Amino acid sequence: MALMLAAAIMGAGANAWAAYPDRPIKMVVPYNAGGGTDVLTRAVANGAGKILKQSIIVENRPGASGMIGSSLVARAEPDGYTLEMTAADTHTINPHVYRDISYDARKDFAPVVQVGYLPYAMVVSTQLPVKSIQDFIALAKKEPGKLTYASWGVGSSSQVAMEMLNVSQGLNVLHVPFTGAAPAMQALMAGQVDALFVPLSLAKPSADAGKVRMMGLGAPKRFGGAPDVPTLLEQGVDVIAAPWIGILAPAKTPQAAIDTMADAVLKAVKTQAVIDALTSGGLEISPRDSKAFGEFLVHDYKLWGDTVKAANIKAE
C-alpha cells in the first residue's frame, strides 16, 4: 500500500509539471531597460515564449550592480515562474568584489541555460603610440604606472577584464572608473584615458570610424559578426574576458521546469530571428544546457575570482 501511495504521489507531481508552463513566466533582468542584457533577454524571451506557447514577461529590476534583481529572484518561489537572465557580473564577479551581498550566488540559484557570451574588445586611444597589443604591453612595461584605463565602475567586468591583462603580463596600468560604458568610451576617445575593455558591439563602430584603435578580442575565438578582429589569444596574450549571458532559477526549482525552459531556449537560439537579434546585439551564441552551464559556472567563478583577488579589487 505504501509503495502504491508513493507511486501515485510521484505520478501526480510528474503530471503537474508536464503542464508547465500553464501561466505567464516572469524573466527578471537586473539591469536597466534598453541596455545590452535587456535587449538580448527580450529576443530570447520572445523566441522561447513562442515555442512554449506562453508569455514570458521581462521585468527590469536594476540597481546595486545587478544585485537588487538577483536578490529578488533568489527569494522568489522556486516554481519555474520567476527566472533571471543576467550576465557574469552578478554571479561570478560580484561575490568576490562586494563584502555585503544579499544572496549566495552558488547556493541560492539553479542554472537553467547559458545563451552565449559577450566578447569584450580592448581598445586604446588613438593618441597612444601603439599599433598592437604587444606594442601596448611594451609601452606599459617601459612606463609603469603612467598609462591609465577606464571602466564603468569598481568591480565591473570591464575593470576585471583589464586587470586580467595587468596580472597576466605584470603591468601597472592605473584604473579610472566612470559611471557607465558611454562616458568611459567618451573619455577614451578624448584621450583622457589610454585603454578600455568594452563589448565589441560598442567598440567596433568607434574603431571603424577611427575614433579608437582596436587591440583585439578577449574571447576564446573570433566573433562571427566581426571576423577581421583577432583575439588576444591569437596574439600570444592569455586573456579571456567574455562575460556569459544566461538564465538562472531560484534554488530548488523542479528540474522538470528547468529542463522545459532550457529546451525552449535551446530551440529558440537556432531560429533565424533570434540569431539575428542576438548577433546584432554583439552576443556570441554559445548555448549550454543546465548541467553544462552549472559545470561552466564553477570554472568561471574561479576565473574571475582569481583575478579579483590578485588585483585586490574591493567595492563597498
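Nothing fancy with the numbering, it's 1 onward along the sequence. Computed from a predicted structure; not experimentally measured.
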Would Arg23 and Asp79 pass as an ion pair if we require N to O under 4.0 Å?
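Judged by the 4.0 Å cut-off on N to carboxylate O distance, Arg23 and Asp79 do form a salt bridge.
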N-O pairing of Arg222 and Glu234 below 4.0 Å:
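Yes, this pair counts.
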Return yes if some donor-acceptor pair links the side-chain N/O of [X] with the main-chain N/O of [Y] below 3.5 Å, else return no.
X      : Y      : answer
Tyr20  : Gly80  : yes
His96  : Tyr301 : yes
Asp38  : Asn32  : no
Gln159 : Gly155 : yes
Ser158 : Phe197 : yes
Ser125 : Gln127 : yes
Ser290 : Pro111 : yes

Rounded distance (nearest 0.5 Å) linking atom CG of Asp263 with atom CD1 of Ile51
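It is 8.0 Å, given to the nearest 0.5 Å.
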When rounded to the nearest 0.5 angstrom, what is the spacing between CG in Asp228 and CE in Met214?
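One finds 7.5 Å between CG of Asp228 and CE of Met214.
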Measure across [X] and [Y] and return the closest heavy-atom pair with its distance rounded to 0.1 Å.
X      : Y      : result
Ala43  : Ala277 : CB-CB, 3.7 Å
Leu72  : Lys26  : CD2-NZ, 4.5 Å
Leu297 : Leu248 : CD1-CD2, 4.1 Å
Pro24  : Ile57  : CB-CD1, 3.9 Å
Ile245 : Ala87  : CD1-CB, 3.6 Å
Leu83  : Ala249 : CD2-CB, 3.5 Å

Taking the six-membered ring for Trp, are Phe296 and His299 parallel (under 30°), tilted (30 to 60°) or perpendicular (over 60°)?
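Correct class here is tilted.
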Over 60° means perpendicular and under 30° means parallel, so tell me whether Tyr149 and His175 are parallel, tilted or perpendicular.
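Parallel.
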Side-chain touch [X]/[Y], heavy atoms, less than 4.5 angstrom:
X      : Y      : answer
Met185 : Val212 : yes
Glu295 : Val298 : no
Lys50  : Thr271 : no
Arg288 : Trp244 : no
Tyr31  : Thr90  : yes
Met122 : Met162 : yes
Leu40  : Leu278 : yes
Asp194 : Val173 : no

Any donor-acceptor pair under 3.5 Å linking the side-chain atoms of Tyr81 with those of Asp22?
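Result is yes, a qualifying pair exists.
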Pairing donors with acceptors under 3.5 angstrom, does anything connect the side chains of Asn94 and Ser65?
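Note: Asn94 and Ser65 side chains miss the donor-acceptor criterion.
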Can you list everything that forms a side chain to side chain contact (heavy atoms under 4.5 Å, CB included) with Lys270? Sequence neighbours excluded, please.
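With sequence neighbours excluded, Lys270 shows a side chain to side chain contact (heavy atoms under 4.5 Å, CB included) to no residue whatsoever.
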